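Computed over heavy atoms, backbone and side chain alike; hydrogens, waters and symmetry mates excluded. From a predicted model like this one, the values you see are computed outputs, not experimental measurements.
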Amino acid sequence: MLRGWLVRHTRRVDVSDQIVEPVVEWFDEAARDLPWRRPECSPWGVLVSEFMLQQTPVSRVLEPWRRWLERWPVPAALAAEPAGEAIRAWGRLGYPRRAMRLHAAAVAITEQHDGQVPSDHRQLLELPGVGSYTAAAIASFAFGQRQVVLDTNVRRVLGRLLDGTALPGPTPTRGEYARAEALLPDEPALAARWAAASMELGALVCTAKRPECSRCPVIEICAWHAAGTPDNAVPRRGQGYAGTDRQCRGAILRVLRESEEPVSAAQIDLAWPEPVQRERALQSLIADGLVVATSLEYRLP
DNA sequence: GAGCCGTGGTA
DNA sequence: TTACCAAGGCT
């Protein structure tokens, strides 16, 4: 796949002319004014946004992010508080383990990096909750580095442009990384711009559901569009939610989140009717460190 | 590597 | 209404 693509694009200048330049120019006009993109936003602000944006839409992140940075403007401020405060402030963003990991990352930054978010990709990867994507995103957006930022938006955009596939597979392949690396401009500043621009194109125009191809700056070279935007995505196994342990865990944690005091077992019981699943979910929350069990009560860590 | 981990909006 | 989707990471 990559090889065939390289045959068609043997010179990087062609790639830049045909893809990078139009997309970056489009970005200059169409980019949303998001607070974590503003020049005055700190690397910590970028890091917090990336944690919150993992599997959660921008619209739901804006307000919690603002309050978070207001309360904890630097990593050390968050690190000085119990993890339970992070879980509580996380509210209903979902996947509350991200709040735990963000707190743990703040502790690591405070203790091991003198309170400064590291700029090195490798050091970023060491932080809890920071994987391949998030490390690259922070290094690129907060520090202007040349990084392969391969999120689901970029994967969808490149898959459509170069492969003619409607949606990317479940996990990024080596070929996708190699291709994204080949596309990446040499100049760090332009590479960072491209990273943000390609993500934005996926978020605003080349969307999963209803792409607006008429607004696309690279429609002429898009393989998917040339093929008639076929629905050729391999069907995914939906995970479902109603009645699952995840929903049960969410119901239990909500009770704890909304109580300033430890709660009794009887209060937990009210959160979910089915006792076996309820107990299993509660134990899993304790095992994950999201809930602490005392002799007679339960509380956030 | 497949499965798990929350929540709310949208068609 | 059900199903899918939204800037992933971890085991």
Salt-bridged, Arg66(A) to Glu63(A), with N to O below 4.0 Å?
-> yes
Looking only at dA6(C), dA11(B), dG8(C), the nucleotide nearest the Arg210(A) side chain is dA11(B)
Which part of the nucleic acid, if any, lies within reach of Tyr241(A) when heavy atoms closer than 4.0 Å are counted: base, sugar-phosphate only, or nothing?
-> base
At under 4.0 Å between heavy atoms, what does Leu125(A) touch on the DNA or RNA strands: base, sugar-phosphate, or nothing?
-> nothing
With a 4.0 Å cut-off, would you call Glu181(A) and Arg146(A) a salt bridge?
-> yes
Taking atom P in both dG6(B) and dT11(C), what distance in whole Å separates the two?
-> 14 Å
5'-most contact on DNA chain B (nearest-nucleotide basis), Ala251(A) vs Thr171(A), goes to Thr171(A)
Any luck finding a side-chain donor-acceptor pair between Arg160(A) and Thr165(A) under 3.5 Å?
-> no
Answer with base, sugar-phosphate or nothing: what part of the nucleic acid does Trp36(A) contact at a heavy-atom distance below 4.0 Å?
-> base
What integer number of Å spans the P atoms of dG3(B) and dC4(C)?
-> 15 Å
When we call it a touch if two heavy atoms are under 4.0 Å apart, what does Thr207(A) touch: a base, just sugar-phosphate, or nothing?
-> nothing
Base, sugar-phosphate, or nothing for Gly131(A), non-hydrogen atoms under 4.0 angstrom?
-> sugar-phosphate
If each of Lys209(A) and Leu93(A) is mapped to the nucleotide of DNA chain B with the nearest heavy atom, which maps nearer the 5' terminus, i.e. the 5' end?
-> Leu93(A)
Lys/Arg-Asp/Glu bridge criterion (N-O < 4.0 Å) met for Asp245(A), Arg278(A) = no
Figure out the CD1/P separation between Ile138(A) and dG8(C), and round it to whole Å.
-> 13 Å
Find the distance Tyr95(A):OH to dG8(B):P and express it as a whole number of Å.
-> 13 Å
Nearest-nucleotide 5' precedence on DNA chain C, Arg37(A) against Gly129(A) = Arg37(A)
Please evaluate the base of dG8(B) for a donor-acceptor partner in the side chain of Thr56(A) within a cut-off of under 3.5 Å?
-> no
For Trp90(A) and dG8(C), give me the distance from atom CH2 to atom C1', rounded to whole Å.
-> 11 Å
So what does Arg257(A) touch, heavy atoms closer than 4.0 Å: a base, only the sugar-phosphate, or nothing?
-> sugar-phosphate
Going through the distances and angles, do Tyr95(A) and Gln54(A) end up as a side chain to side chain contact (heavy atoms under 4.5 Å, CB included)?
-> CA-CA 9 Å; Tyr95(A) 291 144; Gln54(A) 289 169 3; over 6 Å; no
Tell me what Thr244(A) touches on the nucleic acid: a base, only sugar-phosphate, or nothing, going by heavy atoms under 4.0 Å.
-> nothing
Contact class for Ala137(A) (heavy atom, under 4.0 Å): base, sugar-phosphate, or nothing?
-> nothing
Would Trp36(A) and Glu50(A) count as having a side-chain donor-acceptor pair, cut-off 3.5 Å?
-> no
Leu53(A) CG to dG8(B) C1', in whole Å, measures 15 Å
For dG8(C), does OP1 or OP2 lie under 4.0 Å from any side-chain N or O of Gln55(A)?
-> yes
Which whole-number value in Å describes the distance from Asn153(A) CG to dC5(C) P?
-> 13 Å
Round to a whole Å and report the spacing from CG of Leu47(A) to P of dG8(C).
-> 15 Å
Check the distance between dC5(C)'s C1' and Arg246(A)'s CZ and give it to me in whole angstrom.
-> 13 Å
Could you tell me whether Glu81(A) and Arg71(A) have a side-chain N and a carboxylate O separated by less than 4.0 Å?
-> yes
Looking at Arg101(A), does any N or O in its side chain come under 4.0 Å of the phosphate oxygens OP1/OP2 on dC10(C)?
-> no
Is any side-chain nitrogen or oxygen of Arg92(A) closer than 4.0 Å to OP1 or OP2 of dG8(B)?
-> yes
Among the candidates dA7(C), dG8(C), dC5(B), find the nucleotide nearest to the side-chain atoms of Glu200(A).
-> dA7(C)
Which listed nucleotide (dG6(B), dG9(C), dA7(C)) is nearest to the side chain of Arg98(A)?
-> dG6(B)
Upstream residue (5' side of DNA chain C) when Arg60(A) and Leu127(A) are each assigned their closest nucleotide = Arg60(A)
Take atom C1' in dA2(B) and the same atom in dA7(C), then report the distance between them in whole Å.
-> 23 Å
Classify the nucleic acid contact of Arg155(A) as base, sugar-phosphate or nothing, counting any heavy atom under 4.0 Å across all strands shown.
-> nothing
Rounded to the Å, how far apart are Met100(A) CE and dG9(C) P?
-> 18 Å
